[in-house]
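Below, read A as the first sequence line, B as the second, and so on, with proteins coming before strands; counting in each chain starts at 1.
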2 protein chains.
Amino acid sequence: MKRLLAIILVFISVCTMYGQDSIKIKTQVRKTIDELQEFVAIPNDALNSDDIDTNILWLRNKFNARGFNTSILETEGLPLFFAALPMDDNKPTILFYMHFDGQSVDPSKWNQKDPYVLSLKSNKDGKWEEESFGDLNDDINYDWRLFGRSTSDDKGPIVMLLNTIDLLKEDNINLPFNIKVILDSEEEKSSKPLPKAVQEYRELLMADFLIINDGPVHPSGLPTVVYGCRGITTMSLTTFGPVKPQHSGHYGNYAPNPGFILSQLLASLKDSEGRVIIPGYYDGISLDQTTQNILKSVPDDDSAIKQRLQFKSADKVGSYYQESLQYPSLNLRGLGSGWVGDEARTIVPATATAELDLRLVPESDGERLKNLVKEYIKNQGFYITDSEPTEQQRMNNEKIIMITEGSVTDAFRTDLNNPYGDFIVKTLKDQFQQDVVQIRTMGGTVPISPFVNELKIPAFLVPLVNPDNNQHSPNENLKIGQIAYGIKTFYALLSTPFSD
Amino acid sequence: MKRLLAIILVFISVCTMYGQDSIKIKTQVRKTIDELQEFVAIPNDALNSDDIDTNILWLRNKFNARGFNTSILETEGLPLFFAALPMDDNKPTILFYMHFDGQSVDPSKWNQKDPYVLSLKSNKDGKWEEESFGDLNDDINYDWRLFGRSTSDDKGPIVMLLNTIDLLKEDNINLPFNIKVILDSEEEKSSKPLPKAVQEYRELLMADFLIINDGPVHPSGLPTVVYGCRGITTMSLTTFGPVKPQHSGHYGNYAPNPGFILSQLLASLKDSEGRVIIPGYYDGISLDQTTQNILKSVPDDDSAIKQRLQFKSADKVGSYYQESLQYPSLNLRGLGSGWVGDEARTIVPATATAELDLRLVPESDGERLKNLVKEYIKNQGFYITDSEPTEQQRMNNEKIIMITEGSVTDAFRTDLNNPYGDFIVKTLKDQFQQDVVQIRTMGGTVPISPFVNELKIPAFLVPLVNPDNNQHSPNENLKIGQIAYGIKTFYALLSTPFSD
């Protein structure tokens, strides 16, 4: 009976919410702005533990006021904030993940005095101009934006959730889920304590599925669900010529040139269309027709990407953008030997270095890929060392390479057929009456991957903010329309009953 | 009759001069040190024209005092100093070239207060310790050294010549040659005005052959004659990826990587043993048996070079060190893309740059070689531009490369069979009773190459100073024994009659 009532209520609100937003939503957006102003005003530099403590106090008050039980979870690093509404064993449990720490700010690079003082701006002929918050009281312009650190990443989404809870209460919705919230304090510092925290607080954090409200929606602006992210590891390769740089007149044609040795090695790693030719590098990856269909349904405009980045043809690892992200990459992020430009000197350099980053997918274990690369290099006759070669090593080996390796952050990916995924997609589709962009694998790496893998529950990114939010940069901002989008997203997810 | 007398006198002095040096030589070495002390005390920074003027005044006095007619030759740059002894049309003419400008000094990097105050030092257990000039009055230790800017490069040799003239006069030698001396004021700045000065002052400078007393003797310490030097030109190659650096997660596997494109190009330029595989690159070079014999007679120790520079195998352009210098080089002096080391960032870089220097031999015209390289790159499907590519060029071409070129300094080489060369070699051999090291081609480039090529007379480097003289660096020095060597070399050359 309660369930039926909930369904009816949801139906009514959905009807009133899309198209022209209801007064109710606009009022809640207005309240969200005020609360976000308060929250942004508390500096949250991830490097400053005092900042983190002050933010946690604010969060505790705000979540307690909404009836959450809250805990401050001590970790090896800074504490995490945890909140949960009273549990009902008959309901499935959602764990929400967001973070409240922010990147450091350099006020001189912002177009406002204080990045921690929320600034309201409208765009006039391509220029952002300050507006008065009082003007929001009559009507709210969804194109205006709120500028300040963490407006989008992630303080905005946190306050959207709090205000959605208020609205759900106001509407007397009996929530069909248990709700847990874990708020990270070190996301901008790679969330190092998180995976261990899972081991310590597994019971507390356990849920049926995880929703991560971090990052922006697809550039199309459509509702977006992301099922996974690539992982990352790095390798640094250094080849050797003479022990010290030598005069290129005296030793050009005689002393081996480390740059040519390195170029010949690098050239052997990929074909001319960007595909890695190391045997086994792409092993284990297969994209069936259903997967291909979902990848192709993403409304990317490959020719617009090429136009924007100004190149004629993309690498051919995948035959289109989304497909390319389903494979591990082998990216040459840096090259260095001697000097270039005005500083170039006529020398045979002593060393040449290539910096590689390998983006990983779940099929591509980082250690396995690095071993494949090393095996391939060894088979080309290189003597491999992990430190500067000794004189004896130099004299005994034609080709020497120093390889150092970075740590591995694994990829994560939830199955596209997961019932909670289906639930989220259908709920968003019904709520917004728009296609939902389903991203199987986001190209970048999120620091919470190890956390997700450790939790071992289905995980979905449900981003809420605008793609052009200047995340991590000066003039970070949140489009007011996205606040409405966030509230409606949370409202729909937390009021629609789940059925398998 | 006069000629016979000269021959007898030379015979006598040669007999007394090798082995234990005569008192006469030692006295002249002592005088040379005093005069060098005076000359070094005049700062000679090539970048400071006042310095150059003061040096010229000193030179004018000193050469006039020895009976030379002197001129200050105005050029497009700083003036040159010219001196000549009264001419006799029946004698062949030697033109000596040296330079009196020096590299700038940073006193903080020298082990003496003032690099322009000559410092006398002896080596005690590997450490250089200051000695008093007074101690030279009793006996001269040939292992002691004089430290100061331009002691070796080239003020020392200039003062050696002046003091040899004194000795020749004292010995009443009727010189078998006319003597001209051209002293450069911009050698450390690449001697740019020199070639044009030849056009303007051709009559004044004309001689039968040119002797250049610059640079050090062969590392073996044996008397050395050098017949040529390699030239040089440069090329800078830049390949392009996305128009701005991109996040390697979002665009790794998609945006083309400029570093891989560049590596594949560079790898195609040489085989795995360092030989250029661009068709025609080594055209025109042939080394007959006589040449090979002279190259092989140079007492290099290839395995010692490898041990010192710490590599197992040298490039195979030549089969040994001297042979490798007879060919043009294609040296990768610098590589740059993105960042390496601690600064490495996870990006797909926008560009990758290779800096090349091409050392030239007389058979290898610099423009011809650069055109061969460009043609080879073009045949690999590159669109070549000499400036940043436009958006349209980027969108129309798969592979784009920006190539910029440096100017060409030609090589020079005098025939190994030249009669004046034979004369110099025989004279040194007789004087020192040692094998003379004959270097067909020095690997490095001297700025006077264009001057030599413009003069169109046989030219020989007859170096006088020790190989470990720290030329261009802090603690430049001249071994006192090399002063005796220089005086004896000039004495023999200027007192031995030439016969074809």
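For the set B:Arg275, B:Gln307, B:Met442, the count of heavy-atom pairs under 4.5 angstrom toward chain A peaks at B:Gln307. Interface check for chain B: of the options A:Pro256, A:Ala255, A:Cys229, A:Gly252, the most heavy-atom pairs under 4.5 Å are formed by A:Pro256. Among A:Gly444, A:Ala350, A:Gly443, A:Ser337, the residue with the largest count of heavy-atom pairs under 4.5 Å with chain B is A:Ser337. Per-residue counts of heavy-atom pairs under 4.5 Å with chain A were compared for B:Val276, B:Val348, B:Leu269, B:Leu309; the largest is that of B:Leu309. Chain A forms more heavy-atom pairs under 4.5 Å with one residue of B:Arg345, B:Glu343, B:Gln264 than with any other, namely B:Gln264. Comparing B:Leu330, B:Leu335, B:Ile305 by heavy-atom pairs within less than 4.5 Å of chain A, the highest count is held by B:Leu335. The most heavy-atom pairs under 4.5 Å with chain A, out of B:Gln393, B:Glu391, B:Glu273, come from B:Glu391. Per-residue heavy-atom pair counts under 4.5 Å with chain B were compared for A:Gly341, A:Ala352, A:Pro389, A:Gly274, and the maximum is reached by A:Gly341. Put simply, of A:Gly334, A:Gly338, A:Ser272, A:Ala354, the one with the most heavy-atom pairs under 4.5 Å next to chain B is A:Gly334.
Separating the OG atom in A:Ser263 from the CZ atom in B:Phe260 is a distance of 11.0 Å, to the nearest 0.5 Å.
A side-chain donor-acceptor contact under 3.5 Å links B:Tyr254 and A:Asp302.
No donor-acceptor pair under 3.5 Å is formed between the side chain of A:Asn257 and the backbone N or O of B:Asn331.
Contact of B:Ile232 with chain A is made through the side chain alone, with heavy-atom distances under 4.5 Å. Proximity to chain B (any heavy atom under 4.5 Å) is restricted, for A:Pro328, to the backbone atoms N, CA, C and O. For A:Ile400, no part lies under 4.5 angstrom from a heavy atom of chain B. Neither the backbone nor the side chain of B:Leu265 has a heavy atom closer than 4.5 Å to any heavy atom of chain A. Of the atoms belonging to B:Arg308, heavy atoms from both backbone and side chain fall under 4.5 Å from chain A. Of the two parts of A:Lys399, neither the backbone nor the side chain holds a non-hydrogen atom closer than 4.5 Å to a non-hydrogen atom of chain B. Both the backbone and the side chain of A:Ile347 come within less than 4.5 Å of a heavy atom of chain B. Contact of B:Leu266 with chain A is made through backbone and side chain together, with heavy-atom distances under 4.5 Å.
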Working for side chain to side chain contact (heavy atoms under 4.5 Å, CB included), residues B:Arg230 and A:Asn253: CA-CA 12 Å; B:Arg230 290 201 288 194; A:Asn253 276 6; 3.6 Å; yes
Pairs under 3.5 angstrom only: tabulate donor-acceptor contacts from the side chains of residues 310-318 of chain B to other protein residues two or more places apart or in another chain.
residue	atom	partner	partner atom	Å
B:Ser313	OG	A:Glu398	OE1	2.8
B:Ser313	OG	A:Glu398	OE2	2.6
B:Lys316	NZ	B:Ala314	O	3.1

Give the table of side-chain donor-acceptor pairs shorter than 3.5 Å for residues 235-248 of chain A, with sequence neighbours excluded, one pair per line with atom names and distance.
residue	atom	partner	partner atom	Å
A:Ser236	OG	A:Glu355	OE1	3.4
A:Ser236	OG	A:Glu355	OE2	3.4
A:Thr238	OG1	A:Thr353	OG1	2.9
A:Thr239	OG1	A:Pro258	O	2.7
A:Gln246	NE2	A:Lys244	O	3.2
A:His247	ND1	A:Gly249	N	2.9
A:His247	ND1	A:His250	N	3.1
A:Ser248	OG	A:Thr346	O	3.4
A:Ser248	OG	B:Asp357	OD2	2.6
A:Ser248	OG	B:Arg359	NE	3.2
A:Ser248	OG	B:Arg359	NH2	2.8

